[in-house]
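These numbers come from the heavy atoms of this one structure, side chains and all, not from hydrogens, waters or symmetry mates.
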Amino acid sequence: MCRYYKGEEASPFHYDISDMFWDYERFWVNAMADSYTHGHEWRKNLEDSGLQYAATKYHIPTTLLGLLYNRFKHWGSGFETNEDFIIWIEKDYLNIKK
């Protein structure tokens with residue numbers, strides 16, 4: 001269910017946003033393979049934000065979308081909105097052109 005990570009040992013991308021998403025997906029796969037309970041907090045963060053609908057809309061697992069939401073909030077300025085997150089996912093992760 002990953003867009004970028006296909007099980008490679010090292011990222012085939014170098015120093016661009018695809019490399020970042022590859023790394024997040026790799027982390028997600030490894031955490032979920034270790035124990036599905038790892039995804040509970042990521043899913044809870046997504047649900048608490050009211051963004052769980054986006055997982056169905058974009059066909060992204062709630063735990064992966066929750067991890068991306070967590071990273072978006074972590075690296076942001078603190079003033080980002082949920083709409084900013086959706087714009088980021090559409091533009092940078094899903095490559096949806098508007």
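- Counting only distance, with no hydrogens or angles, the side chain of R43 and the backbone of G66 share no donor-acceptor pair below 3.5 Å.
- Residue K44 qualifies as open at atom NZ: its count of foreign heavy atoms under 6.0 Å is 12 or below.
- Taking the side chain as every heavy atom from C-beta outward, L68 and F21 approach each other to under 4.5 Å.
- For the pair I86 and Y53, the minimum side-chain heavy-atom distance is below 4.5 Å.
- L51 and L94 fall within the same hydrophobic cluster, defined by Ile, Leu, Val, Met, Phe, Trp and Tyr side-chain heavy atoms under 4.5 Å apart, directly or through other members.
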D23 vs R26, side-chain contact (heavy atoms from CB on, under 4.5 Å): CA-CA, chis, key distance, verdict:
CA-CA 5 Å; D23 196 44; R26 178 191 56 80; 2.5 Å; yes
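- Under the 4.5 Å side-chain heavy-atom criterion for ILVMFWY residues, a single connected hydrophobic cluster contains both Y58 and M20.
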Kindly determine whether I89 and I96 satisfy side-chain contact (heavy atoms from CB on, under 4.5 Å), including the steps that lead there.
CA-CA 9 Å; I89 287 296; I96 296 173; over 6 Å; no
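- More than 12 heavy atoms of other residues, nucleotides or ligands lie within 6.0 Å of NZ in K6, so this atom counts as buried by the packing criterion.
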Are M32 and T63 close enough, and set up right, to give a side-chain contact (heavy atoms from CB on, under 4.5 Å), and what steps lead you there?
CA-CA 9 Å; M32 297 305 286; T63 53; 3.8 Å; yes
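- If you check the side chains of S11 and D19, you find a donor sitting under 3.5 Å from an acceptor.
- Judged by distance alone, the side chain of E25 and the main-chain N or O of Y5 form a donor-acceptor pair under 3.5 Å.
- Proximity of a side-chain donor or acceptor of N82 to a complementary backbone N or O of S49 within less than 3.5 Å is detected.
- The hydrophobic cluster containing Y15 does not contain Y24, counting ILVMFWY residues as joined when their side-chain heavy atoms lie under 4.5 angstrom apart, directly or transitively.
- One N or O on the side chain of D84 and one on the backbone of T81 form a donor-acceptor pair closer than 3.5 Å.
- With rounding to the nearest 0.5 angstrom, the CG atom of L67 is 11.5 Å from the CD1 atom of I60.
- A distance of 7.5 Å separates OH in Y69 from CG in N45, rounded to the nearest 0.5 Å.
- Between the side chain of E80 and the main chain of F72, no donor-acceptor pair closer than 3.5 Å is present.
- Connection of I17 to W28 is established within a shared hydrophobic cluster, with ILVMFWY side chains joined at heavy-atom distances below 4.5 Å, either directly or through further cluster members.
- L64 and M1 are members of different hydrophobic clusters when ILVMFWY side chains are connected at heavy-atom separations under 4.5 Å.
- Counting all heavy atoms, side chain and backbone alike, A55 lies closest to L65 at N-CD2, 3.5 Å.
- For E8 and W22, the side-chain atoms include at least one donor-acceptor pair closer than 3.5 Å.
- Aromatic ring orientation, F85 versus W88: tilted (interplanar angle from 30° to 60°).
- For F13, the ring pair (Phe, Tyr, Trp, His ring centres under 6.0 Å) criterion is met by Y4, not counting sequence neighbours.
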